[in-house]
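First up is the structure itself, then whatever we jot down about it.
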Amino acid sequence: MNVSKVLIVGGVAGGASAAARLRRLNEEVEIILFEKGEYISFANCGLPYYIGGEIKNRADLTLQTPAGFKRRFNIDVRTFNEVTAINKEEKYVTVINHKTNETYNESYDILLLSPGAEPIRPNLEGINLDRVFTLRNIPDTYRIKDYIDNASPKTAVVIGGGYIGVEMAENLRNAGLDVTIIEMQNQVIAPLDYDMACIIHNELERNGVTLKLETALEKIEENGSLLKVITNKGTIDTDMVILAIGVKPETKIAADAGIKLNSRGAFIVDEYMKTSDEFIYAAGDAVEVTDFITNEKSVIPLAGPANKQGRIAADNIAGIKSSYRGTQGSAILKVFNLTAASTGITEKKAKHLGLNYEKSFTVSGSHAGYYPGAAEMFIKTIFDKDTGKILGAQIVGEDGVDKRCDVIAAAINFKATVYDLTKLELCYAPPYSSAKDPVNMAGYVAENILKGIVKIFHYHDVSSLPKDGSVNLIDTRTRGEYRLGHIDGFINIPVDSLRERMNEIDKSKPVYIVCHVGLRGYLACRILEGYGYTCYNLSGGYALYREIIK
């Protein structure tokens, strides 16, 4: 197909990536990029950090200007030009220039749509009041920052506990405000399971953020100089509100043109990023993707996939066959002193799909324990019971979370198993890791479970354990650790005293073991199993249990 003119609607991740890639592949094609706002390429994920003061300079948010894009890539960038209609039969778009109010048509050989997603504003009273903000782009960011700088608000309510909501809560705290998060679900950060999200809940509360979980917004009212946020569980007076409920694909012009969308309004595309019209491609947050693990169709708005999709669309427009393999959902989040990362599917998704899965929790040092500054890292691994194939992982800790999650994300991408994790040769030096890296340890523990070398129970099983003496409940930590806190009903027999005190444990009854992170419990189980006991080890140990069970 002879392509001489390509129109791109929308910049940022998908559109700007596609434009730059297409120019690198073809110096002659005419490329016009339309952006209804002022900015074509900006650090979307960095916006909360400008509000919180981590990013000081406004200019740092702008990655590329229209003039710079023109100089480097010879692309006709038209900011403040909004595409309002598509005529796919005659292959042209209708555009309004918001600077001149002129409306005009622009023809195309190929059209690439990358409109992104817009914040959800529920149809509730007060949702459009002046001090109710959303955060999608740079103008939104400036409005919030200017209000904080000029009005000196003392309090803020964040509606929604997703990535943006939690990032905004942290940065509003850093800006000196008292912050409350209101979330309808029983946890923040939906890509984490509840157990791992509990660690984030604790960190938020330690840093002064008030959490109102299982709480629904009903309306917002003016209350003198304040706003009154009314929920199903009471009211909160505040100076400002941030709406972070979620986003929806901004695809109205495509719908009006008869381009096929899914039930959530996202573009249905093939593996080459082509829509239902052979001359129209789509990329970015408004595109339906295939879940890499489950093969389900989904909408997963993330910057990494959007950039890849823009590149793949450009390849195919340029005649280079390139396909998108699906989205894994790999994501990471800073929450005050912690980092939370996830890849693949959650346990709740595995359960919903009826998969034959198992999970394990490991708690490892971020680097060698004898090197100063090592901190605990919680890893949850979800894997297939029959094959050991890794289905997903979630990691929360202070340091080194990103690289461990990236390693497991790569392993998932290559369809690896937990057995493969044990074989990975990863970089080691005391400031960075241990000789057995936390990723290796996650593999070793999962391997032991699958091979029947150790039997486990989980934090949610503890409450149902009988306390009538029909089972042995043993805490194998030191006496000092036990005194600082323990699970009710568990007696203290330190692992190093276990062989001498084995007569205190009834061999006719199963033994349930807890230690700090699971390692000493595993050792205790191996000792007891060697003497004919039936033994179960608490996965993740007391360290995880105390984070979840209050």
Side-chain angles (χ1 to χ4, degrees), residues 11-13 16-17 20 35 37-69 71-72 77 79-80 116 119 130-181 188-189 200 203-204 206-209 238-244 247 301-304 306-307 331-341 373 398-403:
V12 198
S17 295
E35 173 55 56
E38 181 179 357
Y39 303 93
I40 59 159
S41 183
F42 58 89
N44 199 306
C45 297
L47 301 181
Y49 300 99
Y50 173 71
I51 293 168
E54 286 291 320
I55 298 172
K56 307 291 186 187
N57 190 347
R58 286 190 175 196
D60 291 339
L61 297 174
T62 305
L63 303 180
Q64 185 61 271
T65 65
F69 223 52
R71 284 193 303 270
R72 179 161 295 180
V77 177
T79 55
F80 297 108
D130 286 344
R131 287 174 288 162
V132 178
F133 301 92
T134 59
L135 181 64
R136 181 194 182 187
N137 51 37
I138 288 182
D140 291 343
T141 308
Y142 291 168
R143 279 191 290 272
I144 296 170
K145 186 71 163 65
D146 290 345
Y147 176 74
I148 292 172
D149 291 346
N150 297 325
S152 300
K154 300 293 188 297
T155 59
V157 170
V158 178
I159 311 294
Y163 287 108
I164 295 297
V166 170
E167 287 175 342
M168 279 303 303
E170 176 183 353
N171 282 283
L172 289 169
R173 283 293 293 150
N174 290 342
L177 282 75
D178 290 333
V179 181
T180 299
I181 293 177
V188 299
I189 313 299
I200 302 303
E203 179 71 1
L204 288 167
R206 273 193 296 270
N207 286 277
V209 175
T238 187
D239 292 310
M240 63 186 296
V241 172
I242 304 291
L243 284 180
V247 295
L302 292 169
N307 275 280
I332 194 164
L333 173 74
K334 176 185 178 296
V335 188
F336 293 100
N337 297 312
L338 292 183
T339 299
E398 292 184 22
D399 182 46
V401 169
D402 52 346
K403 69 175 179 178

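Quick note: numbers below take in every heavy atom, side chains included, and nothing from hydrogens, waters or symmetry partners. Source: prediction; values computed, not measured.
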- Closest approach of Ala169 and Ile181, non-hydrogen atoms and distance? CB-CD1, 3.6 Å
- Determine whether more than 12 heavy atoms belonging to other residues, nucleotides or ligands lie under 6.0 Å from atom CZ of Arg206. yes
- Can any side-chain N or O of Thr141 pair as donor or acceptor with the backbone N or O of Asn137 at less than 3.5 Å? yes
- Do the non-hydrogen side-chain atoms of Val209 and Phe336 ever get within less than 4.5 Å of each other? yes
- Item | Test side-chain contact (heavy atoms from CB on, under 4.5 Å) applied to Ile144 and Met240, step by step | CA-CA 9 Å; Ile144 296 170; Met240 63 186 296; 4.0 Å; yes
- Item | Sequence neighbours excluded - salt bridge (Lys or Arg N to Asp or Glu O under 4.0 Å) pairs with any residue from residues 155-164 | none
- Query: Counting N and O atoms only, with roles assigned by atom type, does the side chain of Asp239 sit under 3.5 Å from a partner on the main chain of Thr155, one being a donor and the other an acceptor?
  - Reply: yes
- Message: Tell me which one of Leu243, Leu135, Leu47 satisfies side-chain contact (heavy atoms from CB on, under 4.5 Å) with Met168.
- Response: Leu135
- Note on the structure: In terms of heavy-atom contacts, Ala13 and Ala303 come closest through CB-O, 4.2 Å
- What's the verdict on side-chain contact (heavy atoms from CB on, under 4.5 Å) for Ile242 and Val157, showing C-alpha distance, side-chain angles and the deciding distance? CA-CA 6 Å; Ile242 304 291; Val157 170; over 6 Å; no
- Query: If you look at every heavy atom in Val158 and Ala244, which pair is closest and at what distance?
  - Reply: CG1-CB, 4.4 Å
- Neighbour count above 12 (heavy atom, 6.0 Å) for Asp149 CG: yes
- Message: Nearest 0.5 Å, please: how far is CD1 in Ile164 from CZ in Arg136?
- Response: 12.0 Å
- Item | Rounded distance [0.5 Å steps], CG in Asn337 versus CD in Glu398 | 6.0 Å
- Message: Checking Lys56 against Tyr50 for the side-chain contact (heavy atoms from CB on, under 4.5 Å) test, could you report, in this order, the C-alpha distance in whole Å, the side-chain angles of both residues, the deciding distance, and whether it holds?
- Response: CA-CA 6 Å; Lys56 307 291 186 187; Tyr50 173 71; over 6 Å; no
- Can Val241 and Arg131 be said to form a side-chain contact (heavy atoms from CB on, under 4.5 Å), step by step? CA-CA 6 Å; Val241 172; Arg131 287 174 288 162; over 6 Å; no
- Message: With heavy-atom distances below 4.5 Å as the criterion, would you say the side chains of Val77 and Glu35 are in contact?
- Response: no
- Item | Any donor-acceptor pair under 3.5 Å from Arg173 side chain to Leu177 backbone | yes
- Task: Looking only at non-hydrogen atoms, find the nearest pair between Gly46 and Ile55 and report the distance.
- Result: O-CD1, 3.5 Å
- Would you mind listing every ring pair (Phe, Tyr, Trp, His ring centres under 6.0 Å) that reaches into residues 135-162, with sequence neighbours excluded? Phe133-Tyr147
- Message: I need the minimum non-hydrogen distance between Leu172 and Ala156, along with the two atoms involved.
- Response: CD1-CB, 3.8 Å
- Query: Are Glu203 and Asn207 linked by a side-chain donor-acceptor pair shorter than 3.5 Å?
  - Reply: yes
- Item | Side-chain heavy-atom pair Val166, Leu204 within 4.5 angstrom cut-off | yes
- Which value, rounded to the nearest 0.5 Å, describes the distance between Arg143 atom CZ and Thr134 atom OG1? 7.0 Å
- Message: Could you check whether any side-chain heavy atom of Thr180 comes within less than 4.5 Å of a side-chain heavy atom of Thr238, counting everything from C-beta outward?
- Response: no
- Rounded to the nearest 0.5 Å, what's the gap from CG on Leu333 to CG on Leu338? Could you check? 10.0 Å
- Query: Taking C-beta and beyond as the side chain, do Ile148 and Pro153 meet within less than 4.5 Å on heavy atoms?
  - Reply: yes
- Query: Are Glu170 and Lys334 ion-paired here, with the side-chain N under 4.0 Å from a carboxylate O?
  - Reply: yes
- Query: Can you name the closest pair of heavy atoms from Gly161 and Val188 and give their distance?
  - Reply: O-CB, 3.3 Å
